[in-house]
Amino acid sequence: MIRTRHILLKLFITALVAGCLLLIYLDAKITSTFVDKMWEVPAKVYARPLELFSGARLGADDLAYELEVLGYRKVTHTTGPGQVARNRDRFEIYTRGFTFPGEREAARRVLVELRGQRVQTISAGNQGIDLMRLDPVQIGGIYPLHGEDRVLVRLEDVPATLRDGLLATEDHRFYDHWGISLIGIARAAWSNLRSGQVVAGGSTITQQLVKNYYLTPERTIVRKVTEVLMAILLDLHYEKDQILESYINEVYLGQEGRRSVHGFALAARHYFDTPLGQLDLPQQALLIGMIKGPSLYNPKRNPERALARRNVVLGEMAQLGVITEAQAQAAKAKPLGLNSKHQIQGTFPAYLDLVRRQLRQEYRDEDLTTLGLSIFTPFDPLLQRQIERSTTTVLDQLNKGGELESASVVTRFDSGEVAALVGGRQVRYAGFNRALDARRPAGSLLKPAVYLAALEQPRKYSLATVLVDAPMKVAGPGGTTWEPRNYDRKVHGDVLLYRALANSYNLATARLGMDLGLGSIVDMLHRLGIEGYIPEVPALTLGAGEYSPMDMTAMYQTIAAGGFRIPLRSIREVVDAQGSALKRYPLEYDRTVSLQATNLLTYALRSVVREGTGRGAYRYLPADFDVAGKTGTTNDGRDSWFAGFSGDLLAVTWIGRDDNGSTGLTGSSGALKVWAHFMAAASERPLGYRMPDGMETAWIEEHTGYLTGKGCPDSRLLPFISGSEPRQSTNCAARSTGIKDWFQSLFGGDDE
């Protein structure tokens, strides 16, 4: 007997010590992490803010679209932030305001009037406004692996009816108990006993918060006991308002794909596209009702069940005096009022992928998913919409079956900022990002590097240098032979350098590349911005190797910028949760290629679209809208490429098949169409031609490359680096009747 008591005493002491150690552990866990967990927020990624000023190029439909993706509610007359009233080209906008890095744009009612495709006037009250910015579109976030997202809100900013309705429905004795409800636990225990398993929890709001923050959702006695202990400890250490605020920000309210919707503020945006503070009573009740079963009562999937649950909540709110019976009946009569438009957040996965990759070069994943950073990008929703439209329109025309895939990158080449990006035919699909990861031969898209390497040697090469387009063979390893052919299977004999590029002659290009040396071609590609491996083989002159659309964008970015290598950027600024700038990403550039040689190449790339393989662009573009670009086609038509730029935008487009099968397309019959369709709608400024110092023009004869006179047979005005003009002449004097073509107009009409 004594021995039994001794054993029981030891067991009791052991259990007591273990219990004390468990309490100490749980207490430390709560006190060391609760405040941090309250404010763990994923990084938010924002588009550029739309700037409005008199004279800005902006159509009424574009402004309407921007406001739509921002979630502005259409009304007949604005009464509060986040509303817009439109009468044709007249917009009354009650802006939400936004805290930009170092500056606050206040919420206010403004009147914006447009005419044609321009902003005419902006005013607030009777005061004119020179410049204003709308709040930027949040295009997504960088979430933890479990995909949790939240928009945090302070308790004082939560509508009183939502707060009181939540307590009435979930825990009406919240401010009276010590974190647990003994009555609730007894009721749940009885239900579990009767069923023989854990079917009810009797959880208070505090217990639910503990479960969400610290525990798994499994239904076991051990987990339930731990939950009770932690709830008591949490209530002991923290104020009731802190606990309630944390719950309002943390409670799980549904799923959007792989992303969890946590907290009432995010749920208000997700289901109603409305800030939490602007929800009406039936919308508040709907969200409260969803707590019982976010999937079961999801209003988008189960509207009738969600409506019934909402009305039950309204009844409970009236019963406990949160609202009157009349208010409850009026709210029950209203529809769900869901946001019916396509969700904007998280629907640009290819661009977000680019942002994520650039951020991870400098930030830990943990920082990106918990510190509440704000990432400001140059992403332009209007340009994105247009490149998506162009991609879908052209691919549907070319291939309705869906085998063809496409990827495009759009930059503002004066800054190197990536403004839009398409990663595949399904433009909103978060799968394989072809813009960054599809690595294919570039075909003739690489040829400008060959010609640029030549033009950097003005004593030997100019646009008027005669190249030989004739068959050639190059011996390779193991007795192999490389024997290129022209796409048209023809031989063109002697051709001027600029015409060889304009018409994309393979034989002339390959001969030129071999004369220059493969090392100089590799060096030029690196200087233009290609950072990966480049095979030093003869076929490199015609595009051999593996390159992504982003690689090609980097290359053409340098060409468009006049030989300045500007790193491609998808981030403008990173701001912490307190609004302080952590890092800015200013414009960086480095001259890597001769300005004069790049100018000559740009002239030749203009010839590509005016009279060469890219002339199909002018089926879309106005005849007087100057652009420059290059087509690219790989063996058996597996890849169709086009890269080109106007006066403000650069775009690179690829079309191909994931199985690397033949597309049956050339660069001009495929990718060019997407590019031109986009540029015709999106570009605001044609390319202007300005010769830098150290250059001049001369009339040459197009077949021989000899100097000739203005108005002589087959004469053409070409730019030259000073001293590189042809030495031989046709002996034809200038005539009084000069030609009036586009090329002459580039250099100022009749001036020589």
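In this chain, residues are counted from 1 in sequence order.
Within the 4.5 Å cutoff, the side chain of Thr553 has heavy atoms near those of the Leu568 side chain. For the pair Glu113/Phe91, no side-chain contact is recorded, criterion being any heavy-atom separation below 4.5 Å from C-beta on. Proximity of Leu421 to Leu354: side-chain heavy atoms (C-beta onward) are separated by under 4.5 Å at one or more points. Considering only heavy atoms from C-beta on, Leu338 comes within 4.5 Å of Leu286 through its side chain. No side-chain heavy atom of Ile288 sits less than 4.5 Å from a side-chain heavy atom of Glu316. Ser683 has its side chain out of reach of Phe678: every pair of non-hydrogen atoms, C-beta onward, lies at least 4.5 Å apart. Contact of the Tyr585 side chain with the Gln358 side chain is not registered, since no non-hydrogen atoms from C-beta on lie closer than 4.5 Å. Proximity of Leu621 to Met679: side-chain heavy atoms (C-beta onward) are separated by under 4.5 Å at one or more points.
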May I have the step-by-step check of side chain to side chain contact (heavy atoms under 4.5 Å, CB included) for Leu382 and Arg48, ending in yes or no? CA-CA 10 Å; Leu382 300 180; Arg48 60 90 188 99; 3.9 Å; yes

Which is it for Arg90 and Leu111 under the side chain to side chain contact (heavy atoms under 4.5 Å, CB included) test, yes or no, and what are the steps along the way? CA-CA 7 Å; Arg90 184 180 184 275; Leu111 182 64; 3.4 Å; yes

Evaluate side chain to side chain contact (heavy atoms under 4.5 Å, CB included) for Leu359 paired with Val355, printing each intermediate quantity in order. CA-CA 6 Å; Leu359 282 171; Val355 172; 3.8 Å; yes

Let me see the working for Arg86 and Lys74 under side chain to side chain contact (heavy atoms under 4.5 Å, CB included), right down to the final yes or no. CA-CA 8 Å; Arg86 178 184 178 184; Lys74 298 175 184 177; over 6 Å; no

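Looking only at distances, no side-chain donor or acceptor of Thr392 sits under 3.5 Å from a matching main-chain atom of Arg389. Under a 3.5 Å cut-off, the side chain of Asp62 and the backbone N or O of Leu58 do not form any donor-acceptor pair. Under a 3.5 Å cut-off, the side chain of Asn302 and the backbone N or O of Ser295 do form a donor-acceptor pair. Between the side chain of Glu92 and the main chain of Val110, no donor-acceptor pair closer than 3.5 Å is present. Not a single donor-acceptor pair under 3.5 Å links the side chain of Arg425 to the backbone N or O of Glu405. Looking at Gln83, its side chain never comes within 3.5 Å of a backbone N or O of Tyr94 through a donor-acceptor pair. With Trp675 contributing its side chain and Ala651 its backbone, the two residues share a donor-acceptor pair below 3.5 Å. Under the 3.5 Å distance criterion, the side-chain polar atoms of Arg310 are left unmatched by any main-chain donor or acceptor of Gln283. Arg109 contributes no side-chain N or O that, together with a main-chain N or O of Pro81, makes up a donor-acceptor pair within less than 3.5 Å. Of the possible donor and acceptor atoms, none in the side chain of Ser406 sits under 3.5 Å from a partner among the backbone N and O of Gly424.
Atoms CZ and CZ, on Phe413 and Phe564 in that order, are 13.0 Å from each other to the nearest 0.5 Å. The line from CG of Leu383 to CD of Glu388 is 11.0 Å long, rounded to the nearest 0.5 Å. Note that the CZ atom of Arg163 and the CG atom of Leu244 stand 8.0 Å from one another [nearest 0.5 Å]. Here the CG atom belonging to Leu287 is positioned 11.5 Å from the CD1 atom belonging to Ile248, to the nearest 0.5 angstrom. Here the CG atom belonging to Leu63 is positioned 5.0 Å from the CD1 atom belonging to Ile93, to the nearest 0.5 angstrom. Phe645 CZ to Gln557 CD: the interatomic distance, rounded to the nearest 0.5 Å, is 10.0 Å.
The aromatic rings of Tyr46 and Phe98 stand perpendicular to each other, their planes meeting at an angle above 60°, with 30° marking the opposite boundary.
The minimum heavy-atom distance linking Pro101 with Val575 is given by the pair CG-CG2, 3.6 Å. For the pair Trp654 and Pro549, the tightest heavy-atom approach, listed with the atom from each and the gap, is CB-CG, 4.1 Å. Heavy atoms only, all atoms of each residue included: Ser646 and Val627 are closest at CB-CG1, 4.0 Å. Heavy atoms only, all atoms of each residue included: Leu373 and Asp576 are closest at CD2-CA, 3.9 Å. What you find for Phe272 and Leu279 is that their closest heavy atoms are CD1-CD2, 3.6 Å. When all heavy atoms of Ala318 and Thr324 are compared, the pair lying nearest together is CB-O, 4.1 Å.
Both the sub-6.0 Å distance and the 45° axial angle are satisfied by Arg133 relative to the ring of Phe100. Judged by the 6.0 Å and 45° rule, Arg96 forms a cation-pi pair with Tyr72.
The environment of OH in Tyr589 is sparse: at most 12 heavy-atom neighbours from other residues, nucleotides or ligands sit within 6.0 Å. Heavy atoms from other residues, nucleotides or ligands lying under 6.0 Å from CZ of Arg619 number 12 at most. Counting non-hydrogen atoms of other residues, nucleotides and ligands closer than 6.0 Å to CD of Glu304 gives a total of 12 or fewer. For Gln127, the CD atom sits in a loose shell: 12 or fewer heavy atoms of surrounding residues, nucleotides or ligands are nearer than 6.0 Å. Surrounding CZ of Arg584 are at most 12 heavy atoms belonging to other residues, nucleotides or ligands under 6.0 Å away.
In this model, a donor atom of one side chain and an acceptor atom of the other lie less than 3.5 Å apart for Thr99 and Arg104. If you check the side chains of Thr95 and Glu105, you find no donor sitting under 3.5 Å from an acceptor. Donor-acceptor pairing under 3.5 Å is recorded for the side chains of Gln255 and Tyr252. Judged by distance alone, the side chains of Gln386 and Ser390 do bring a donor and an acceptor atom under 3.5 Å apart.
The aromatic ring centroids of Phe348 and Phe379 lie less than 6.0 Å from each other.
Between Glu417 and Arg572 there is a salt bridge, since at least one side-chain N of the basic residue sits less than 4.0 Å from a carboxylate O of the acidic one. A salt bridge links Lys583 with Glu362: the distance from a Lys NZ or Arg NE/NH1/NH2 to an Asp or Glu carboxylate oxygen falls below 4.0 Å.
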